[in-house]
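Notes follow once the structure below has been shown.
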Protein chains: 2
Amino acid sequence: MRKHPEITIHDLASELRISASTVSRALNDNKRISIKTRKIVQQKAIDMGYRPNILAANLRIKKTMTIGVVVPRIDRYFFSSAISGIEDYAWTKGFNVIISQSNDLLIKEENCVRTLYNNRVDGMIISISMQTNEDNHLRLFSDNHIPILFFDRFCPTIESDRIVVDDFNSGYQITAHLIERGCKRIAHIAGPELLNIYLDRKGGYLKALSEAGISVGDGYLEVTGLTREEGRAAFARLMSLPNPPDGVFCGNDTTALSALEYCRSNKLKVPEDVALVGFSDEPFSAVVTPSLSTVKQPGYEMGFLAAQRIIERIQNTNLPIPFEQIVLPSKLIIRQSS
Amino acid sequence: MRKHPEITIHDLASELRISASTVSRALNDNKRISIKTRKIVQQKAIDMGYRPNILAANLRIKKTMTIGVVVPRIDRYFFSSAISGIEDYAWTKGFNVIISQSNDLLIKEENCVRTLYNNRVDGMIISISMQTNEDNHLRLFSDNHIPILFFDRFCPTIESDRIVVDDFNSGYQITAHLIERGCKRIAHIAGPELLNIYLDRKGGYLKALSEAGISVGDGYLEVTGLTREEGRAAFARLMSLPNPPDGVFCGNDTTALSALEYCRSNKLKVPEDVALVGFSDEPFSAVVTPSLSTVKQPGYEMGFLAAQRIIERIQNTNLPIPFEQIVLPSKLIIRQSS
DNA sequence: GTGAAAGCGCTAACAA
DNA sequence: TTGTTAGCGCTTTCAC
């Protein structure tokens, strides 16, 4: 039931008849202060209900103990689990996390990044939007030597740490799997070419095909925004081809789901008529019927590692740690749809 | 390509040969400064790449412009969409949001709340954990008159604003719907009685039954933690009853899904043998087969409104606005499972 | 309409 | 081992 009057180190100091700096040091467990004094001060702090003014400390120390996060959308499972990982680690280190979403819009992303910059976050973890085709806003950080770390979707022109999964190899595995299960005509619904992840997935697809001596059928490569609607349209186009595919690697689970729904309403059997594979292992993928083959990305782990990495960098801004691209393993999950 | 040297109002001041206070005022569009001076200062600020030091301003002004959020888990769709709503509104008002998750553990929740308190957030939006049976940590806020707002799951002993959906009525509607479609033996898998939401859902269930003159069958009321596993076990118990139910109102979509899976592996037809209804409209609910009847909660809107409300309160701490419980409409969505 | 000066609560260089 | 002192960058009273 304590009331407003905030206790400061000066209150503690005068109460104990010592100086404020001693109080400050004692509170921070500075070894220059005798254990005895430290104990006394710390106890008094508790007794008087002292809480440090982080603002003042941060102003003095010129750090905010905050890391900024920008993701396309919070409510997508992959991103929310990544955020979960970021939060969990950051909190153990006393860092706060402020989150913002770009809605996959470049202009919104620029706005987010600028706001984080103005808020003086100590570092930024970002997964760029589908539209991001330039990097001026990102340079706000890199040019000013504020740590920046990309996860999943990165901007190739900014030198920095990155945490990704091996999209190329995953795309390769998916396609190889389709080939192995007997598909002869394999199509791919790809995402925006601006993004490394989709480019890589497509690359893996192409490599697997060419290794197997299969050429990409006419019209078998669709490039879309990977929304539900675009996915459905793209899949419809594929299935209306004179020689429709018997296996489709969809750029994400959302489009795979659209494909599934298209099949349902058009009485196509999955996987008999056409085998389907998605990407991301969204929560719904395991439970739709037929369940969706997909690639599981370790969202939580990526976030956790990202936080770990960036905090390490924040705490060693002077040390010249080389930038690193960390590739986490993803896992092909074969279910009923293929 | 600007470098480290941060510009301060003093730099602007000396550059323009005016005082720092004038610069400060001009930057804040204070009408005591002539329009002309304001323009000049603001332009200079841009030219010199000035960015205000929010930390210093906040220290002075004793606000952090930050609101804290505590949810059970970020990666559950309902919560991530609520957070999305909170973020969206807060950013328009220049507020930052710091998010933490309790993992439905009281001890973790206490920790989160304490951290937010120490971080001097200007207000807190919280949906309490399944274990929260006391309110000492919450009193940290309410006793110190820091605005606190509950959404969805609230603590009844703390006086404050609340934003909820009408769980009672939703539970009633679900049950009435099951009755209407011909179910005679309706069971309910309820959640922890500690939480208003589950208590209300159960209350609605009971009321609908009693109004219809149906009594609750023996063993028809299961109280669980509503996880996938507990849901499955509870549903298995129900179906092993001598007189198993022909309609089950599951406390959330997760348990409804478990039930569905149980039915699948036990060759029970849904909804013919047993009709199923869940709660929350998780992303998977619409796409499983059979698709899941459920109640849609407006997560994003709740978050948006919560942010709006708490910011209003933060900005009028002196005004005695009465506490309010805002009930948002939820919507029964009837799908194939019932 | 503008300036001088004090101070938010803390840390840290320098002294003792 | 402890204290003195000087700010961090901003806002704001009070004076002119």
Side-chain angles (χ1 to χ4, degrees), chain A residues 4-42 44-45 48-66 94 117-122 144 315 317-318, chain B residues 4-42 44-45 48-66 94 117-122 144 315:
Chain A
H4 279 151
E6 287 283 359
I7 310 295
T8 73
I9 49 171
H10 294 102
D11 298 328
L12 292 177
S14 67
E15 195 78 7
L16 293 168
R17 300 183 188 296
I18 56 177
S19 79
S21 39
T22 301
V23 172
S24 172
R25 292 191 183 103
L27 255 18
N28 290 314
D29 252 331
N30 187 318
K31 47 218 97 244
R32 277 170 50 185
I33 304 297
S34 72
I35 303 263
K36 178 158 152 278
T37 318
R38 273 188 257 173
K39 284 270 170 295
I40 294 174
V41 173
Q42 288 166 5
K44 195 76 183 173
M48 297 183 66
Y50 167 78
R51 65 171 172 166
N53 188 320
I54 299 186
L55 242 42
N58 287 347
L59 171 60
R60 186 58 233 249
I61 214 154
K62 285 176 188 268
K63 296 183 59 172
T64 55
M65 295 298 282
T66 298
Y117 176 72
N118 287 335
N119 274 283
R120 290 174 144 76
V121 295
D122 294 331
N144 288 299
Q315 292 175 335
T317 25
N318 32 350
Chain B
H4 279 151
E6 286 283 358
I7 309 295
T8 72
I9 51 170
H10 295 101
D11 297 329
L12 291 177
S14 68
E15 194 79 8
L16 292 168
R17 302 187 186 292
I18 56 178
S19 78
S21 32
T22 301
V23 172
S24 172
R25 292 192 183 103
L27 255 18
N28 291 314
D29 251 335
N30 187 317
K31 46 218 98 249
R32 278 169 52 185
I33 305 298
S34 72
I35 304 262
K36 180 159 151 275
T37 318
R38 275 188 252 171
K39 283 271 171 293
I40 294 175
V41 173
Q42 289 166 4
K44 196 74 182 177
M48 297 183 67
Y50 167 78
R51 63 170 172 166
N53 188 320
I54 298 185
L55 242 42
N58 287 347
L59 170 61
R60 185 58 234 249
I61 214 151
K62 289 177 187 261
K63 297 185 57 172
T64 55
M65 294 300 281
T66 298
Y117 177 72
N118 287 335
N119 273 282
R120 290 173 144 73
V121 295
D122 294 331
N144 288 298
Q315 292 175 334

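Scope of the values below: all heavy atoms of this structure, side chains included, with no hydrogens, waters or symmetry mates. Predicted, not measured: the structure shown is a model, and the values here were computed from it. Chain letters run A, B, ... following the sequence lines, proteins first and then strands; every chain starts at 1.
C:dC10 atom P lies 11 Å from atom CG of A:Leu55, rounded to whole Å. Regarding B:Arg17, its CZ atom lies at a distance of 16 Å from the C1' atom of C:dG3, rounded to whole Å. Regarding A:Asp11, its CG atom lies at a distance of 9 Å from the P atom of C:dC10, rounded to whole Å. In this structure, NE2 of A:His10 is placed 11 Å from P of D:dT4, rounded to the nearest angstrom. In this entry the distance linking NZ of B:Lys36 with P of C:dT2 reads 8 Å, nearest Å. Separating the CE atom of B:Met65 from the P atom of D:dC10 is a distance of 16 Å, rounded to the nearest angstrom. Whole-Å rounding puts the A:Lys63 NZ to C:dT11 C1' distance at 14 Å. Atoms CD1 (A:Ile40) and C1' (D:dT1) sit 13 Å apart, rounded to a whole Å.
When every heavy atom of A:Leu59 is checked against every heavy atom of B:Ala56, the shortest pair comes out as CD1-CB, 3.8 Å. Taking each heavy atom of A:Met48 and A:Leu12 in turn, the nearest pair found is SD-CD2, 3.6 Å. Minimum interatomic distance between B:Val121 and B:Thr64 (heavy atoms only, all atoms of both residues): CA-OG1, 3.6 Å.
The C1' atoms of five pairs define one axis at each end of the helix from C:dG1-D:dC16 to C:dA16-D:dT1, and these two axes lie 30° apart (to 10°).
Taking 4.5 Å as the limit, every side-chain heavy atom of A:Asn119 sits out of range of all side-chain heavy atoms of A:Thr66. A:Ile54 places none of its side-chain heavy atoms less than 4.5 Å from the side chain of B:Arg120. Looking at heavy atoms from C-beta onward, A:Met65 lies in side-chain contact with A:Asn58 at the 4.5 angstrom threshold. Looking at heavy atoms from C-beta onward, A:Ile18 lies in side-chain contact with A:Val41 at the 4.5 angstrom threshold.
Place B:Ile9 and A:Thr22 on DNA chain D by their nearest nucleotides, and A:Thr22 ends up nearer the 5' end. Both A:Asn28 and B:Arg38 lie near DNA chain C, and the one whose nearest nucleotide falls closer to the 5' end is B:Arg38.
One finds no side-chain N or O of B:Ser24 lying less than 4.0 angstrom from the OP1 or OP2 phosphate oxygen of D:dG9. Here B:Thr37 reaches the OP1 or OP2 of C:dT2: one of its side-chain N or O atoms lies under 4.0 Å away.
Across all strands shown, A:Asn58 has no heavy atoms under 4.0 Å from either base or sugar-phosphate atoms. Residue-level contact check: A:Ile54 touches neither bases nor backbone, having no heavy atom under 4.0 Å from any strand. Within 4.0 Å (heavy atoms only), B:Ile18 reaches sugar-phosphate atoms of the nucleic acid but no base atom.
Residues meeting the side chain to side chain contact (heavy atoms under 4.5 Å, CB included) test with B:Ala57, sequence neighbours left out: none.
Sequence neighbours left out, the pairs with a member in residues 48-57 of chain B that pass side chain to side chain donor-acceptor pair (under 3.5 Å) are B:Glu6-B:Arg51. Identified under the salt bridge (Lys or Arg N to Asp or Glu O under 4.0 Å) test for residues 19-31 of chain A, with sequence neighbours left out: A:Asp29-A:Arg38.
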Would you tabulate the pairs of protein nitrogen or oxygen atoms and nucleotide nitrogen or oxygen atoms of nucleotides 14-16 of chain C closer than 3.5 angstrom?
unit_1: C:dC14; atom_1: N4; unit_2: A:Arg32; atom_2: NH2; d: 3.2

Detail all sub-3.5 Å separations between protein N/O atoms and N/O atoms belonging to nucleotides 5-8 of chain C.
unit_1: C:dG7; atom_1: N2; unit_2: B:Arg60; atom_2: NH1; d: 3.1
unit_1: C:dC8; atom_1: O3'; unit_2: B:Lys62; atom_2: NZ; d: 3.3

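Separation of atoms CG (B:Leu55) and CG (A:Leu55) is listed at 5.0 Å; rounding is to 0.5 Å.
In this structure, the side chain of B:Asn30 engages the main chain of B:Arg32 through a donor-acceptor pair within 3.5 Å.
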